[in-house]
Enquirer: 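Sending over a structure as structure tokens; questions will come in a sec.
FYI, side chains are in, hydrogens and waters are out, and symmetry mates aren't considered; it's all heavy atoms of this structure.
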Amino acid sequence: MHLMVGIGYALAYTALSPLSDAHWNLHTGLQLSFLLLVPYRYWPALLVGEVVPNTVAMLRCIDAFGVEAVAWRCVPPILTIMPALWWCRERLKLFPTRKLVDIKVLMLCVMLASLVRTLYSYTFLLLVHTPAFKAHPIMALGYFIGNTIAVLGVVPMVLMVRLDIQNYGARALARKCIMAPLTADLMVVALPSMLLLTVCILRGGNDMQHIARIAMFLPVAWLTIKHGWRAAVAGGMLAIIATCLLTVSRPDPQLIETQAFIAFTIICLMATGARISAQLLREAKQKQRDANALATARRSLEAHEQRRKQLSTKLEHLALRLHVTNQSLAHTLRSGLFGVDAERYAKHVLEAPEEVYALAESLHPVAWRERGLPAALSQTIGRALDEASIEYRCVITGRGYIRMSQDTLNTVYRSACEAVVCVTSRLTCSSVSLTLRAGETRGHRWLVLVVDGHQNTSRMATAVIRKAEREYIAAKLGAGSLTVSELTELARLFGGQLHHRQRGPQERITILLHDTWPATKEVEHKPEPLQLWVS
């Protein structure tokens, strides 16, 4: 395994040599990536894997650079950044857990590695005594920017891919990347924009080239604002590649200025993306908590309705037993007593089962249990309004309610009862019409309940006479006399809404409910590959 690691690293180091230069030192990105990914026990293999190609390349340059410079350059560069990497991994906890990376420590690690590699390369220039090579301070700045921009273009992407593979697996990650909205935005917006800027760099003048290089960060900024730090990593890599492939290896102050701007922008975008990702993660968790709270409330409603149903069934059985028993008791009273007292006592005895049955009916109607929601809406509500001398009309359209979940149907019936009680609270209400429409749109089931209360002042006398029956409508329907705002909150439990309107002699309550059951299950939030910044 050590041999495989050493050979693999040597091949990668050699393959990057034609692309790596002072303005885009890909070797630094490669070294940092391997040191971050492999365990400490393979570091000697990495050191040996770099000694061979580095020494072979340098021995060919003894005549050009001199013995002292070549001897210094034969020291493998990866050796110089190993202490800094060890300090970041062990002391600063670059990896707090197996699947997390602290992005603040990562940025510090990038700066330290770039600084160490800059000192190493600039020392080499100082040791070169050839007249053609003369060290200038701007070269040190160029080395630092080149190392930094190379590391920023390689290391974050490598860490993100590696940790995503740990979280999801290679195949799942590939499918996720293909279907991700970030991939679509990269292909449709970012890449064409960068290609256009690349054409401007190749064909434009000096000013146009400078502006186009600086403008490379604009697509990355747009992606970061929309998708978070992952977009900053992926878009930043593309921007760095597009910028650095078009550069020449010479100490050009304008080029160093452009690369410094790109590097600083990518770092800022990663920090901003981390903040945005933290905000998006908090919003997702808040939505999950809200969904769980709604699911809990819906389960509570369903359990409450189930208890009412059970209690209603028990009361009906009790009413039946009372009826049989009280029939015998009434017969005994009539035979034992004579006159008005016997009839009065017998009447009270026979009314007791009817009162118990009425209570059971208000808790959960028999029509609802035996014949379903349409029967409850038309018969139970209709009977309660008819006893109060209020005209009633019920229209049910569509058959979508057949496939609705039971808790949604329970809410429809209770909402209908509460809406009827609300519109009949005025004495001028003479008739009520209820319309229920259920349907399904693209697999999503919904119901619309419309309750209209029509007012007629000419029938006030009848309303006053039957005022007592009107006051018992809520009790007969088992309604809690909810207000419009409370009904609105009930509709929101099912992702719906309520609209209350009063126009002239007509009062209308419209309730929209969505069949949202089964409720959203709690999703385990896997940790993000990069630990988000905290204040």
Enquirer: Do T14 and S17 get their side chains close enough for a donor-acceptor pair, meaning under 3.5 Å?
Expert: no
Enquirer: Please evaluate residues L36 and V158 with respect to the criterion side-chain contact (heavy atoms from CB on, under 4.5 Å), reporting the C-alpha separation (whole Å), side-chain torsions for both, the decisive distance (0.1 Å), and the verdict.
Expert: CA-CA 10 Å; L36 291 177; V158 170; over 6 Å; no
Enquirer: What is the minimum heavy-atom distance between L197 and A212, and which atoms define it?
Expert: O-CB, 3.7 Å
Enquirer: Using the side-chain contact (heavy atoms from CB on, under 4.5 Å) definition, which of the options L108, D102, L106 pairs with L92?
Expert: L108
Enquirer: What closest approach, in Å, do V151 and P156 show between heavy atoms, and which atom pair accounts for it?
Expert: O-CD, 3.3 Å
Enquirer: I'd like to know if K226 pairs up with D185 as an ion pair, taking the criterion as any Lys NZ or Arg NE/NH1/NH2 lying under 4.0 Å from an Asp or Glu carboxylate oxygen.
Expert: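 Here K226 pairs with D185 in a salt bridge, since their nearest N and O are under 4.0 Å apart.
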Enquirer: Any donor-acceptor pair under 3.5 Å linking the side chain of N410 with the backbone of L301?
Expert: no
Enquirer: Using a 6.0 Å cut-off, check whether atom CD of E486 has over 12 heavy atoms from anything other than its own residue.
Expert: yes
Enquirer: Decide yes or no for W87 and L112: does some side-chain heavy atom of the first lie under 4.5 Å from some side-chain heavy atom of the second?
Expert: yes
Enquirer: Are any side-chain N or O atoms of E418 and backbone N or O atoms of L482, one a donor and one an acceptor, separated by less than 3.5 Å?
Expert: yes
Enquirer: Less than 4.0 Å between a side-chain N and a carboxylate O, is that true for R492 and E489?
Expert: yes
Enquirer: Once you round to the nearest 0.5 Å, how far does SG of C88 lie from CG of L35?
Expert: 11.0 Å
Enquirer: Do I511 and V448 come close enough that some side-chain heavy atom pair is under 4.5 Å?
Expert: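 No, too far: nothing below the 4.5 Å cut-off.
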Enquirer: Look only at the side chain of N292 and the backbone of Q288, and say whether a donor-acceptor pair between them is shorter than 3.5 Å.
Expert: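 Between the backbone of Q288 and the side chain of N292 there is a qualifying donor-acceptor contact (under 3.5 Å).
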Enquirer: Which atom names give the shortest non-hydrogen contact between L182 and A231, and what distance separates them?
Expert: CD1-CB, 3.7 Å
Enquirer: Looking only at atom types and distance, does a side-chain atom of H2 sit under 3.5 Å from a main-chain N or O of R41, one as donor and one as acceptor?
Expert: yes
Enquirer: Between S20 and L16, is there a donor-acceptor pair closer than 3.5 Å when you use the side chain of the first and the backbone of the second?
Expert: no
Enquirer: I want to know whether F65 and F124 have ring centres closer than 6.0 Å.
Expert: yes
Enquirer: Step by step, would you call Q31 with H27 a side-chain contact (heavy atoms from CB on, under 4.5 Å)?
Expert: CA-CA 6 Å; Q31 294 160 357; H27 284 156; 4.2 Å; yes
Enquirer: CG/L173 to CD1/I178 distance, rounded to the nearest 0.5 angstrom?
Expert: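 So the gap between those two atoms works out to 10.0 Å.
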Enquirer: Using a 6.0 Å cut-off, check whether atom CZ of R437 has over 12 heavy atoms from anything other than its own residue.
Expert: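 Atom CZ in R437 is not crowded, with 12 or fewer foreign heavy atoms closer than 6.0 Å.
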Enquirer: Can you confirm whether or not the ring centre of Y120 sits under 6.0 Å from the ring centre of W72?
Expert: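 Yes, the ring of Y120 comes within the 6.0 Å limit of the ring of W72, centre to centre.
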Enquirer: Counting only heavy atoms not in E68, do more than 12 sit closer than 6.0 Å to its CD atom?
Expert: no
Enquirer: Run the numbers on M216 and V220 for side-chain contact (heavy atoms from CB on, under 4.5 Å), then give the verdict.
Expert: CA-CA 7 Å; M216 282 288 183; V220 185; over 6 Å; no
Enquirer: Quick one: sort the Y40 and W43 rings into parallel, tilted or perpendicular, breaks at 30° and 60°.
Expert: perpendicular
Enquirer: Within a strict 4.5 Å, meaning less than it, do heavy atoms of the M208 and R203 side chains meet?
Expert: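 Not touching, per the 4.5 Å side-chain cut-off.
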Enquirer: Please lay out, stage by stage, how T408 and T411 fare under the test side chain to side chain donor-acceptor pair (under 3.5 Å).
Expert: CA-CA 5 Å; T408 305; T411 305; over 6 Å; no
Enquirer: Do T483 and L487 come within less than 4.5 Å of each other through their side chains, counting heavy atoms only?
Expert: no
Enquirer: Distance check, rounded to the nearest 0.5 Å: L449 atom CG versus T510 atom OG1?
Expert: 8.5 Å
Enquirer: For the residue pair A57 and C61, what are the closest heavy atoms and their distance?
Expert: O-SG, 3.5 Å
Enquirer: Indicate yes or no: at least one non-hydrogen side-chain atom of H304 is less than 4.5 angstrom from one of S300.
Expert: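 Not touching, per the 4.5 Å side-chain cut-off.
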Enquirer: Once rounded to the nearest 0.5 Å, what's the spacing between atom OG1 of T148 and atom CE of M111?
Expert: 4.0 Å
Enquirer: Roughly how far, to the nearest 0.5 Å, is the CZ atom of R117 from the CG atom of N25?
Expert: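 These two atoms lie 4.5 Å from each other.
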Enquirer: Would you name the heavy atoms of L32 and A113 that are closest together and state the gap between them?
Expert: CD1-CB, 3.9 Å
Enquirer: Quick check against the 3.5 Å criterion: does T55 have a side-chain atom that pairs as donor or acceptor with the backbone of V52?
Expert: no
Enquirer: Is the backbone of M179 close enough, under 3.5 Å, to the side chain of T183 for a donor and an acceptor to pair up by distance?
Expert: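 Here the side-chain-to-backbone pair does not exist.
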Enquirer: Of the non-hydrogen atoms in P53 and Y13, which two are nearest, and what is the gap between them?
Expert: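 Closest approach of P53 to Y13: CG-CD2, 3.9 Å.
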Enquirer: Could you check whether any side-chain heavy atom of W229 comes within less than 4.5 Å of a side-chain heavy atom of T224, counting everything from C-beta outward?
Expert: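 W229 does not reach T224 side chain to side chain.
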Enquirer: Applying ring-ring contact (aromatic ring centres under 6.0 Å, His included), which residue pairs with at least one partner in residues 254-295 are found, sequence neighbours left out?
Expert: F217-F261
Enquirer: For a 4.5 angstrom cut-off between non-hydrogen side-chain atoms, does V233 reach M237?
Expert: no
Enquirer: Side-chain contact test, heavy atoms from C-beta onward, threshold under 4.5 Å: evaluate it for L447 versus M404 and give yes or no.
Expert: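 The answer is yes; the side chains approach within 4.5 Å.
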Enquirer: What do the steps show when you test W446 against D515 for side-chain contact (heavy atoms from CB on, under 4.5 Å), and what is the final call?
Expert: CA-CA 6 Å; W446 49 266; D515 189 25; over 6 Å; no
Enquirer: For Q279 and R282: C-alpha separation, side-chain torsions, deciding distance, then whether side chain to side chain donor-acceptor pair (under 3.5 Å) applies.
Expert: CA-CA 5 Å; Q279 182 179 358; R282 286 194 298 269; 5.4 Å; no
Enquirer: Is there a donor-acceptor pair under 3.5 Å between the side chain of H514 and the backbone N or O of F494?
Expert: no
Enquirer: How long is the gap from CH2 on W24 to CG on L19, to the nearest 0.5 Å?
Expert: 6.0 Å
